[in-house]
Amino acid sequence: MKDRADRLAEAWGELVATARRTVTDGLVVGTSGNVSRRIKDLVLVTPSGVPYDRLGPGDTTAVDLEGRQIIGTLRPTSELPMHLAVYRSTTATAVVHTHAPYATAVSTLVPELPPVHYMTAALGGPVRVAPYALYGSDELAANMLDALRDRTGCLLQNHGTLTHGDSLDQALDRTAQLEWMCRVWLTASSVPGHTPNLLSAGQLDAAAAQLRGYGRQG
């Protein structure tokens, strides 16, 4: 039992640190956005309306895959349906949702982020925009899942981003890469008289193959 408690405490500490980074990295404002981590059938998740710098070890909040609260008294994030939808449909163990400004701007302009950089391949291909639905709704969760098909990240129209991964670090890194690509595309497309060059499907496939070996030791 002590080992399980220690693992949960460590995971909660990592989750809070990741949530705080979304603020310091300019990906959210105030208490917007949310972060979760799956451990078997338990989902640790940031609570609703609590500034991340006030969260401590005693604020651990967790639900099961049906959304029933298992640990804590703070109310889980209102975006819990999106997090649970990801865990029920993928092998992900971490989800990061933000209101990143450049990504949110792009979500109001196009149905998918044009492939302006080869890191598009790291997210599975051109990043789709999930049609707008009220935050916290099952409709938004369904729209998000459709946009995430064969992808590890998507944009939420007039709302923000959602990425998932095998760890909190990976999910957050994918959010940062997505925000950066949105900034690049907005910057390039704003130059009068010029249209950004986009990568072809073949070029993205080649980048994906190259990225599969990235960071591995020889």
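Throughout, numbering of the chain's residues begins at 1 and tracks the sequence.
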Residues H97, H159; criterion ring pair (Phe, Tyr, Trp, His ring centres under 6.0 Å); working and verdict: CA-CA 10 Å; H97 164 52; H159 187 155; 4.8 Å; yes
Residues M119, L178; criterion side chain to side chain contact (heavy atoms under 4.5 Å, CB included); working and verdict: CA-CA 8 Å; M119 284 303 292; L178 178 54; over 6 Å; no
T98 vs T161, side-chain hydrogen bond (donor to acceptor under 3.5 Å, both in side chains): CA-CA, chis, key distance, verdict: CA-CA 5 Å; T98 78; T161 70; 2.7 Å; yes
Worked check of side chain to side chain contact (heavy atoms under 4.5 Å, CB included) between V29 and H99: CA-CA 8 Å; V29 175; H99 294 176; over 6 Å; no
Test side-chain hydrogen bond (donor to acceptor under 3.5 Å, both in side chains) applied to T187 and Y102, step by step: CA-CA 10 Å; T187 302; Y102 292 103; over 6 Å; no
Test log, rule side chain to side chain contact (heavy atoms under 4.5 Å, CB included), inputs R149 and L145: CA-CA 6 Å; R149 190 177 65 257; L145 270 188; over 6 Å; no
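In this structure, V191 shares a hydrophobic cluster with no other residue, the cluster being traced through Ile, Leu, Val, Met, Phe, Trp and Tyr side chains under 4.5 angstrom apart.
Just one of L65, V63, I71, D64 meets the side-chain contact (heavy atoms from CB on, under 4.5 Å) condition when paired with L42; it is I71.
For residues 114-141, the pairs satisfying ring pair (Phe, Tyr, Trp, His ring centres under 6.0 Å) are H117-W180, with sequence neighbours left out.
Put simply, NE2 on H164 and OG on S36 are 11.0 Å apart, with the number rounded to the nearest 0.5 Å. A distance of 10.0 Å separates CD in Q203 from CG in L198, rounded to the nearest 0.5 Å. In this structure, NZ on K40 lies 13.5 Å from OG1 on T93, to the nearest 0.5 angstrom. The CG atom of L123 sits 7.5 Å away from atom CD of Q177, with the distance rounded to the nearest 0.5 Å. In this structure, the separation between OG1 on T195 and CG on N197 is 10.0 Å, given to the nearest 0.5 Å. Expressed to the nearest 0.5 Å, how far CG of L55 lies from OG1 of T60 amounts to 9.5 Å.
A donor-acceptor pair shorter than 3.5 Å cannot be found between the side chains of S48 and T77. In the model, Y52 has no side-chain atom that pairs as donor or acceptor with a side-chain atom of T22 under 3.5 Å.
A 4.5 Å side-chain heavy-atom check between V127 and R151 finds every atom pair outside the cut-off. Within the 4.5 Å cutoff, side-chain heavy atoms of P126 are placed close to those of L204. Considering only heavy atoms from C-beta on, T175 stays 4.5 Å or farther from L162 through its side chain. The side-chain heavy atoms of R75 and Q69, taken from C-beta on, include no pair separated by under 4.5 Å. Inter-residue side-chain proximity for L27 and E179 is flagged as met; some heavy-atom pair is nearer than 4.5 Å.
Within a 6.0 Å sphere centred on CZ of R183, heavy atoms belonging to other residues, nucleotides or ligands number 12 at most. Other residues, nucleotides and ligands contribute over 12 non-hydrogen atoms within 6.0 Å of the CZ atom of R88. When the shell of 6.0 Å around CG of N158 is examined, it contains more than 12 heavy atoms from other residues, nucleotides or ligands.
Pairing each heavy atom of E79 with each of H83, the nearest pair is O-CD2, 3.2 Å. Across V106 and C182, no two heavy atoms sit closer than the pair CG2-CB, 3.7 Å. W12 approaches D59 most closely through the heavy-atom pair CZ2-O, 3.3 Å. The nearest pair of heavy atoms linking L156 to V129 is C-CG1, 4.5 Å. For L15 against R37, the heavy-atom pair with the smallest separation is CD1-N, 3.8 Å. A pairwise comparison of heavy atoms in A147 and C154 identifies CB-CB, 3.9 Å as the closest pair.
Under a hydrophobic-cluster definition in which Ile, Leu, Val, Met, Phe, Trp and Tyr are linked whenever side-chain heavy atoms come within less than 4.5 Å, directly or via other members, V43 and L8 are assigned to different clusters. Transitive grouping of hydrophobic side chains (ILVMFWY, heavy atoms separated by less than 4.5 Å) brings L109 and L155 into a common cluster. L168 and L44 fall within a single hydrophobic cluster, where Ile, Leu, Val, Met, Phe, Trp and Tyr side chains are chained together by heavy-atom contacts under 4.5 Å. Under the 4.5 Å side-chain heavy-atom criterion for grouping Ile, Leu, Val, Met, Phe, Trp and Tyr, L140 is connected to L148 within one hydrophobic cluster. A single hydrophobic cluster is not seen to contain both V35 and V45; linkage of ILVMFWY side chains at heavy-atom distances under 4.5 Å, directly or through other members, places them apart.
For R54, the side chain to side chain donor-acceptor pair (under 3.5 Å) test picks out no residue, with sequence neighbours left out.
Here the side chain of S32 pairs no donor or acceptor atom with the backbone of V28 at under 3.5 angstrom. A donor-acceptor pair is defined here as one N or O able to donate and one able to accept, closer than 3.5 Å; no such pair exists between the side chain of S89 and the backbone of V86.
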